[in-house]
Number of protein chains: 2
Amino acid sequence: MATRTDAPTRREQILKEAARLFAERGFHGVGVDEIGAAVGISGPGLYRHFAGKDAMLAELLVGISEQLLRGAKRRLAEADGSSGADVLDSLIEGHIDFALDDRPLITLHDRELDRLRDSDRKLVRQLQRQYVELWVEVVREVYPALAEPTARSAVHSVFGLLNSTPHLGRPGSLPGRAVTAELLHRMARGAFGAAGE
Amino acid sequence: MATRTDAPTRREQILKEAARLFAERGFHGVGVDEIGAAVGISGPGLYRHFAGKDAMLAELLVGISEQLLRGAKRRLAEADGSSGADVLDSLIEGHIDFALDDRPLITLHDRELDRLRDSDRKLVRQLQRQYVELWVEVVREVYPALAEPTARSAVHSVFGLLNSTPHLGRPGSLPGRAVTAELLHRMARGAFGAAGE
DNA sequence: CAGGGAGGTTAGCGGTCGTTAACCTGAAGG
DNA sequence: CCTTCAGGTTAACGACCGCTAACCTCCCTG
């Protein structure tokens with residue numbers, strides 16, 4: 001898969017702006033006219049690209065969940081043979097990249113899940129669960145003392161830590177992306193270590 | 001201040017149910033009729049107790065912020081003379097109690113702030129900021145190597161970790177409140193330690 | 001150069017929601 | 001016993017919102 005160099009399609013523009021607006025004001029707090037205005041067209045014009053407002057949210061949430069899971073699986077495959085600790089580091093790094101680069105999506109991911117149609121919600125939940133279980137396995141390999149429910153709680157808590165990036169102030173006020181990423185990484189490792197000792 | 005033993009007032013019932021519903025489906029996703037139904041009256045009946053739907057959210061968010069800050073100040077005063085590490089432990093313990101006992105409020109706290117009137121939002125932001133700064137001071141006392149912006153980021157991240165309780169499954173599926181509290185506490189300390197080393 | 005589809009537009013419908021108005025009722029107090 | 005008032009009720013209004021209908025306008029293509 002080649003790196004994208006083409007201009008973003010209209011669909012992609014819409015999804016990006018919708019994600020930003022949903023994250024800022026909540027799904028029900030944003031009107032289709034606003035989403036349209038954000039990409040320079042009017043509300044009903046969106047229906048040339050999406051079946052409805054719900055469909056935009058569904059595509060966003062399914063997309064995030066798939067992307068996270070795919071990335072984690074890839075890292076797991078690439079790091080095959082490495083130590084468990086290295087694999088865990090790789091997972092943490094991937095999640096941090098996502099949290100820092102797609103902050104609106106991180107916000108949506110755990111906030112608007114209940115606004116989905118039943119089938120979509122089930123799909124997203126399943127993808128999320130797979131992602132969590134993948135982490136749980138790696139964590140338990142590194143910290144064998146952890147029982148499975150404890151490991152799962154620890155994983156959810158570290159997600160909470162890593163997903164705190166939207167609260168760290170506007171992107172400009174951060175001490176620099178690399179520094180922030182490194183801080184989050186150290187803290188995540190420290191949290192797991194304290195859980196598993 | 002005596003411990004409450006009286007039955008909850010109607011106002012308190014309403015606030016509690018509104019908090020639960022807002023946390024479940026978002027402020028815009030809940031109608032006044034639903035809130036009324038949750039306490040056994042009909043929608044417009046709520047207006048005998050609150051000026052409007054906004055007023056309920058405002059009272060909830062201001063109340064949480066005040067409660068958090070008041071509790072932290074009390075713990076700081078009570079632990080005067082103790083080591084910094086003990087004070088930090090006390091702060092962590094207080095936040096965990098809140099996160100475990102008032103999960104809907106934790107959810108609202110960082111999710112629906114933007115739905116407030118300007119003046120209310122400023123008030124809540126100010127209270128939140130005071131709470132954070134109080135933590136930052138204690139954290140920097142325990143970990144002097146931490147620069148202030150780094151310490152603030154670390155505090156926000158630990159809040160993310162502690163506030164992950166709503167994602168840990170329904171109250172019944174947790175490994176037990178005390179066990180969960182202890183796990184969260186250890187992880188928070190571990191995260192701060194890793195940030196400040 | 002016809003024509004057809006992609007991608008817009010505005011007008012408007014139907015439903016929902018917050019809020020108000022008008023009315024009712026039961027219990028407390030003089 | 002009459003009044004008052006807290007705390008309800010139902011009806012209805014006005015605004016908003018998601019979505020559809022109907023129409024327009026390029027641009028590509030045979």
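Since we're looking at a predicted model, the values are computed, not measured.
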Student check: side-chain heavy atoms of A:Leu15 and A:Phe50 closer than 4.5 Å
yes
dist B:Thr107:OG1 -> B:Phe22:CZ (nearest 0.5 Å) comes out at 13.5 Å
Separation of atom CG in A:Asp33 from atom P in D:dC19, rounded to whole Å:
12 Å
Protein-nucleotide distance (A:Leu46, atom CG; C:dG7, atom C1'), rounded to Å
12 Å
Does A:Ser164 have any side chain to side chain donor-acceptor pair (under 3.5 Å) partners at least two apart in sequence or in another chain, and if so, which?
B:Ser157
Taking the side chain of A:Tyr47 as its heavy atoms from C-beta onward, which of C:dG7, D:dT9, D:dC19 lies nearest to it?
D:dC19
Taking CG from B:Leu21 and P from C:dC17, how many angstroms apart are they, rounded to a whole number?
13 Å
When rounded to whole Å, the CD to P distance for the pair B:Gln13 and D:dG7 reads 12 Å
Of the listed nucleotides (D:dC19, D:dG8, C:dG18), which one gets closest to any side-chain atom of A:Lys53?
D:dC19
Of D:dG18, D:dG7, C:dG7, the nucleotide closest to the side chain of A:Val32 is D:dG18
B:Arg48 CZ to D:dT9 C1': how many Å, rounded?
10 Å
Using atom CZ of B:Arg11 as one end and atom P of D:dG8 as the other, report the distance to the nearest whole Å.
13 Å
Students often get this wrong, so: under 4.0 angstrom with heavy atoms, is A:Gly52 touching a base, only sugar-phosphate, or nothing?
sugar-phosphate
Check every atom of D:dC19, D:dT10, C:dG18 against the side chain of B:Pro44 and return the nucleotide holding the closest atom.
D:dT10
Could you state the CG-P distance from B:Leu57 to C:dG18, rounded to the nearest angstrom?
12 Å
Which nucleotide in the list C:dT19, D:dG18, C:dT10 gets nearest to the side chain of A:Ser42?
C:dT10
Of D:dT9, D:dT20, C:dT19, the nucleotide closest to the side chain of B:Ile41 is D:dT9
OP1 or OP2 of C:dG8 under 4.0 Å from side-chain N/O of A:Arg10
yes
Base, sugar-phosphate alone, or nothing: which one does B:Val39 contact when heavy atoms must sit under 4.0 Å apart?
nothing
Side chains of B:Leu69 and B:Leu134, heavy atoms from C-beta outward: is any pair under 4.5 Å?
yes
With sequence neighbours left out, what residues match B:Glu141 under salt bridge (charged side-chain N to carboxylate O under 4.0 Å, His left out)?
none
Out of D:dT20, C:dG7, D:dG18, whichever nucleotide has its closest atom nearest the side chain of A:His49:
C:dG7
Within the 4.0 Å heavy-atom criterion, would you say A:Gly31 contacts the bases, only the backbone, or no part of the nucleic acid?
sugar-phosphate
On the nucleotide D:dG18, are OP1 or OP2 found under 4.0 Å from the side-chain N or O atoms that A:His28 carries?
no
